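Down below is the structure, laid out as structure tokens.
Side chains included, hydrogens not; waters and symmetry mates left out as well; all remaining heavy atoms used. Keep in mind the model is a prediction, meaning the values are calculated, not measured.
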Amino acid sequence: MPAVRALPAPAALGVVVLGGMASAAQGVVNSELGERAGNPVLGAVVNNLGGCLLVLVGLFAVPSMRAGLAVLRRGGLPWWAYLGGFGGAAIVVIGTYVVPVLGVAVFTIAQVAGGSLGGLAVDRAGVSPAGRLPLTAPRVAGALLGIGAVALAQLGRPVGDLAVGLVLLAVAGGLAVALQSALNGRVSAASSTAAGLAVNFAVSTPVILAVAAAVGAFAIRPAWPGQWWLYIGGLLGVGIVLALLVGVRAVGVLRTGLALVAGQLGGALLLDVALPGGAGVRLPVLAGAGLTAAAVLLAGVRRRTPTRVAADPASEADGRLVG
């Protein structure tokens, strides 16, 4: 199977921003479904089972998707490259139990901080298909600006009990998401985007089901609501994972994560305006979204290096650099 070329950086970042908007909607859908069904983990279960169903349909309907998995069997990737789905499962489980204690604001800031640090680390190590990206001042500044932008966007939200252990757990969840993006991107680059998507859900879904069983989510009789839109989390999840695969391959993990956050803040703002009883336009969220977009651009700034050009023997006989 011929390798699929990465999208140009602006196009890839645009796809990731759309994925971030889908992520904002997914969070609303899954939390509402879990609350109405009687256990918060059930929202994640329905989300992943829906994503798996879509992947299975794709495997039966799209021959190239099956071919991509066949390529992976011959690809020679190390076993740990297939474990990206654990990161997605980890952040879902962590968020389910940490948010009620810390509050959405602190959890979000801690998660983005972990994701930014993780993005810098995995890009520097060359784990993602974008290759080894240097730890430059613009990249570090972009990560810090992104964290600050998210903190600004959370102004006015209630803060829960600030337990240091839970804050660190939320940071670890962000690190897990960064590693998830890098590993899934590595699988995708070795075969196809569809194969990376399939591997992600194949790994994350059993973990979510095991956690749900461990916390007794299946021991209750869920009160499943009748609104169809509460069950589209899996469809949104497929779109989000695809967006991350596209972004990581083109621009690395750090900028992909920041673009996702920019989309999440923009999506949250749209939901606040569109949903009945929403908070309307919140200036901190609007400012945070704009600053996060600036962080994406800042993190992409590269140092200019001098270019060696051919010297005119008559005028540059000493071989100095010109231009």
At their closest point, which heavy atom of [X] faces which heavy atom of [Y], and how far apart are they?
X	Y	value
L258	A299	CD1-CB, 4.2 Å
S204	N48	OG-ND2, 2.9 Å
G267	A24	C-CB, 3.9 Å
N184	G85	OD1-N, 4.1 Å

Under 3.5 Å, is there a donor-acceptor pair between the side chain of [X] and the main chain of [Y]?
X	Y	value
T292	A262	no
S23	G19	no
S192	S188	no
R255	V296	yes

Once rounded to the nearest 0.5 Å, what's the spacing between atom [atom1] of [X] and atom [atom2] of [Y]?
X	Y	atom1	atom2	answer
L83	N200	CG	CG	11.5 Å
S191	R74	OG	CZ	9.0 Å
L56	M65	CG	CE	8.5 Å
I91	L175	CD1	CG	9.5 Å

By side chain to side chain contact (heavy atoms under 4.5 Å, CB included), which residues pair with [X], not counting sequence neighbours?
X	result
L169	I94, V98, L166
Q26	N30, N47, L236, I240
V17	M21, A259

query: With sequence neighbours left out, what residues match R132 under salt bridge (charged side-chain N to carboxylate O under 4.0 Å, His left out)?
result: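 Counting only residues at least two positions away or on another chain, R132 forms no salt bridge (charged side-chain N to carboxylate O under 4.0 Å, His left out).
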- request: Applying salt bridge (charged side-chain N to carboxylate O under 4.0 Å, His left out), name anything that partners E35, two or more places apart in sequence or on another chain.
  value: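 So E35 forms no salt bridge (charged side-chain N to carboxylate O under 4.0 Å, His left out) with any residue.
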Can you hop from [X] to [Y] via hydrophobic side chains spaced under 4.5 Å?
X	Y	answer
L245	L260	no
V261	I109	yes
V199	F201	yes
L297	L291	no
V57	L69	no

query: Residues two or more places apart in sequence or in another chain: which of them pass side chain to side chain donor-acceptor pair (under 3.5 Å) with S31?
result: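 Here no residue qualifies.
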Side-chain donor-acceptor distances from residues 110-129 under 3.5 Å, at least two apart:
unit_1	atom_1	unit_2	atom_2	d
S116	OG	V112	O	3.0
D123	OD1	V253	N	2.9
D123	OD2	R139	NH2	2.6
D123	OD2	V253	N	3.2
D123	OD2	L254	N	3.0
S128	OG	A130	N	3.3

query: Under a single-linkage rule joining Ile, Leu, Val, Met, Phe, Trp and Tyr whose side-chain heavy atoms are separated by less than 4.5 Å, which residues share a cluster with F60?
result: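 For F60, no cluster forms, as it stays isolated from other hydrophobic side chains.
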Do [X] and [Y] come within less than 4.5 Å of each other through their side chains, counting heavy atoms only?
X	Y	result
V16	V246	no
L242	V238	yes
L183	Y82	no
L33	L42	no

- request: Return each pair, listed once, that meets salt bridge (Lys or Arg N to Asp or Glu O under 4.0 Å) where at least one residue sits in residues 190-218; pairs must be two or more places apart or across chains.
  value: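 As it turns out, there is no salt bridge (Lys or Arg N to Asp or Glu O under 4.0 Å) pair with a partner in residues 190-218 once direct neighbours are skipped.
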- prompt: Which is it for V45 and V41 under the side-chain contact (heavy atoms from CB on, under 4.5 Å) test, yes or no, and what are the steps along the way?
  reply: CA-CA 6 Å; V45 170; V41 181; 4.3 Å; yes
Identify every side-chain donor-acceptor pair in residues 146-155 under 3.5 Å, counting partners at least two apart or on other chains, and give the distances.
none

Side chains of residues 278-287: which donor-acceptor pairs under 3.5 Å do they make with residues two or more places apart or in other chains?
unit_1	atom_1	unit_2	atom_2	d
R282	NE	D272	OD2	2.9
R282	NH2	D272	OD2	2.8

task: Pick out which of L13, V15, L244 makes a side chain to side chain contact (heavy atoms under 4.5 Å, CB included) with T256.
output: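 In the set L13, V15, L244, the residue that makes a side chain to side chain contact (heavy atoms under 4.5 Å, CB included) with T256 is L244.
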Table please: side-chain donor-acceptor pairs of residues 206-234 below 3.5 Å, with sequence neighbours left out.
unit_1	atom_1	unit_2	atom_2	d
Q227	OE1	R36	NH1	2.9
Y231	OH	P225	O	2.6

